[in-house]
Amino acid sequence: MRTRITELLGIEYPIICGGMLWLCKPELCAAVSNAGGLGNITAGNYESGEGLRQAIVRTRELTDKPFGVNITLLPSFRISPATYDDYFRVCCEEKVAAIEVSGAPATSYLDMVHAAGVKIFHKVGAVRHALNIEKLGYDGVFAAGLEEGGHPLDDDVTTMVLTPRIAESVKIPVVTAGGIADGRGVAAALALGAEGVMMATRFINTRECRVHENIWREIIKRQEQDTALICKSLNLQGRALKNALTEEILSIEAEGTAPERIFALITGQRVKAAWQNGDVEGAAFMIGQSVGLIHDIQSCQELLDGMVKDAEAILRRNLDRFQ
Ligand SMILES: Cc1cc2nc3c(=O)[nH]c(=O)nc-3n(C[C@H](O)[C@H](O)[C@H](O)COP(=O)(O)O)c2cc1C
């Protein structure tokens with residue numbers, strides 16, 4: 001499969017793993033890249049630029065294929081502005097293939113990133129943000145609809161509408177994110193004007209994603225209606241799996257804003273521990289509506305090969321309808 005995205009990044013399949021705090025580490029990153037997609041290391045997993053550098057070095061021991069780094073520029077109690085500077089500097093020194101930025105635009109880093117030959121993409125939820133990052137000189141845009149796990153923009157526009165709106169508005173390549181988990185999603189994304197897909201939720205149920213088995217079982221059990229938008233009252237909505245903890249957060253929000261009570265329930269350490277101990281009711285797990293499309297656990301290679309094969313079959317079958 002060839003698109004501007006595969007050409008730009010030097011990858012076989014236009015399938016990109018989106019950043020996942022606590023999950024996108026060297027093993028999963030290398031597995032996605034070895035399978036022909038673009039793997040991801042999420043910088044926020046590491047307390048310092050040097051920690052991130054060690055993860056990049058480790059990933060290079062596991063793959064000689066291109067991979068990217070997610071840098072989430074959102075207000076953080078844990079990550080200082082100086083650490084963000086270090087993340088970008090290390091990505092440039094190590095010449096990773098790509099940086100995925102989310103949150104604020106990486107305006108002050110762009111010259112350094114381009115000079116290093118690193119490709120830079122921004123994840124957006126609105127046409128106006130896509131136009132802005134194109135003007136700033138980004139190499140491409142990730143269009144993330146409301147279905148996505150993580151922090152969809154509170155414009156609340158779905159992938160189905162956002163992708164073609166952004167594709168018709170910018171000249172740089174568009175990758176669609178949010179609600180994609182199989183070959184049908186790849187075929188649909190191409191039809192909507194995207195040149196690739198980004199997934200995160202689907203990658204949790206791969207053998208190379210090191211989470212507790214309870215998480216895998218729960219993801220297989222849950223359906224598309226089993227996520228909720230939490231933390232709207234904090235102006236930072238997140239799509240998370242419905243469970244005892246997200247119910248509690250939503251009821252605190254319904255009572256009126258009590259940010260400190262909510263902050264205590266959504267600490268990074270709580271989520272980090274729960275991915276490992278498998279307490280499926282005890283943390284706000286970022287999970288997208290694509291959870292309804294996940295019925296098994298596969299290796300990254302099986303997943304990506306199957307998705308591309310299915311997408312091709314779908315596109316050919318539909319072409320036949322016109323003959
Ligand atoms: C567990 C999890 C953690 C995530 N963490 C981040 C993050 O740290 N930074 C970020 O920009 N996006 C994050 N996201 C969003 C993904 O990168 C991606 O945009 C989104 O999940 C794609 O939609 P999908 O969930 O339908 O695959 C996360 C998503 C999940 C599922």
Side-chain angles (χ1 to χ4, degrees), residues 15-25 28-29 32 37-46 52 68-76 78-79 84 87 98-106 121-125 129 141-153 158-160 162-163 175-182 184-186 188-189 194 196-206 209-212 215-216 218-219 222 224 226-227 229-230 236-241 246 266 268 270-272 274-276 280 283-294 303 307:
I15 302 178
I16 297 176
C17 181
M20 287 191 282
L21 189 60
W22 310 130
L23 302 184
C24 283
K25 295 189 180 164
L28 176 60
C29 176
V32 176
L38 189 80
N40 185 294
I41 299 174
T42 296
N45 292 330
Y46 308 98
L52 173 61
V69 171
N70 168 283
I71 303 180
T72 304
L73 288 176
L74 288 175
S76 170
R78 196 169 54 86
I79 303 168
Y84 283 119
Y87 288 160
I99 300 176
E100 173 204 9
V101 186
S102 59
F121 297 81
H122 205 100
K123 189 154 60 190
V124 307
H129 295 160
V141 59
F142 300 150
L146 182 65
E147 298 92 321
E148 72 158 345
H151 295 290
L153 184 72
T158 61
T159 300
M160 189 78 180
L162 187 69
T163 303
V175 170
T176 197
I180 312 291
D182 55 30
R184 295 170 295 183
V186 175
V197 299
M198 164 175 282
M199 315 189 293
T201 302
R202 172 66 256 203
F203 280 117
I204 301 173
N205 268 38
T206 58
C209 185
R210 302 285 163 78
V211 292
H212 194 281
I215 306 278
W216 285 343
E218 195 67 14
I219 285 181
R222 296 303 198 95
E224 56 281 4
D226 286 337
T227 70
L229 288 169
I230 58 169
L236 190 62
Q237 73 176 1
R239 184 173 294 286
L241 192 70
T246 52
I266 56 170
R270 189 176 186 126
V271 190
K272 185 181 180 184
W275 288 119
Q276 297 311 317
V280 292
F285 299 100
M286 296 289 117
I287 294 284
Q289 292 180 341
S290 54
V291 68
L293 297 167
I294 301 173
L303 177 65
M307 286 178 69

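What you see is a predicted model; the values in this text were computed from it and never measured. When a ligand or atom number is given, it counts from 1 through the structure's own listing order.
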Please work out whether any backbone atom (N, CA, C, O) or any side-chain heavy atom from C-beta onward of [X] is under 4.0 Å from ligand 1, and answer side chain, backbone, both or neither.
X: F203; answer: neither
X: T201; answer: both
X: Q289; answer: neither
X: S290; answer: side chain

Under 3.5 Å, is there a donor-acceptor pair between the side chain of [X] and the main chain of [Y]?
X: T159; Y: A177; result: yes
X: E147; Y: T158; result: no
X: Q276; Y: R210; result: yes
X: T42; Y: M20; result: yes

Which residue and atom name correspond to the protein heavy atom nearest [atom], and how close is it?
atom: atom 8 (O) of ligand 1; answer: L21 N, 3.5 Å
atom: atom 9 (N) of ligand 1; answer: T72 OG1, 2.8 Å
atom: atom 6 (C) of ligand 1; answer: G19 O, 3.1 Å
atom: atom 1 (C) of ligand 1; answer: M286 O, 3.2 Å
atom: atom 3 (C) of ligand 1; answer: M20 CA, 3.5 Å
atom: atom 26 (O) of ligand 1; answer: G179 N, 2.8 Å
atom: atom 19 (O) of ligand 1; answer: E148 OE1, 2.6 Å

From the candidates G288, G185, P152, G149, the one that places a heavy atom nearest atom 15 (C) of ligand 1: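 Of the listed residues, G149 has the closest heavy atom.
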Would [X] count as a contact residue for ligand 1, given that I'm defining contact as a non-hydrogen atom of the residue lying under 4.0 Å from a ligand atom?
X: R202; result: no
X: G44; result: no
X: G178; result: yes

Which atoms of ligand 1 are found less than 4.0 Å from any heavy atom of [X]?
X: S102; value: 10 (C), 11 (O)
X: G18; value: 17 (O)
X: M199; value: 27 (O)
X: K123; value: 10 (C), 11 (O), 12 (N), 15 (C), 16 (C), 17 (O), 18 (C), 19 (O)

Regarding ligand 1, does A200 bring an N or O atom to under 3.5 Å of one of the ligand's N or O atoms? yes
Does any N or O of ligand 1 fall below 3.5 Å from an N or O anywhere on A144, backbone included?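 No: no nitrogen or oxygen of A144 is under 3.5 Å from one in ligand 1.
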Mind checking the CG-CD spacing from L146 to Q289? Nearest 0.5 Å is all I need.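 Answer rounded to 0.5 Å: 6.5 Å.
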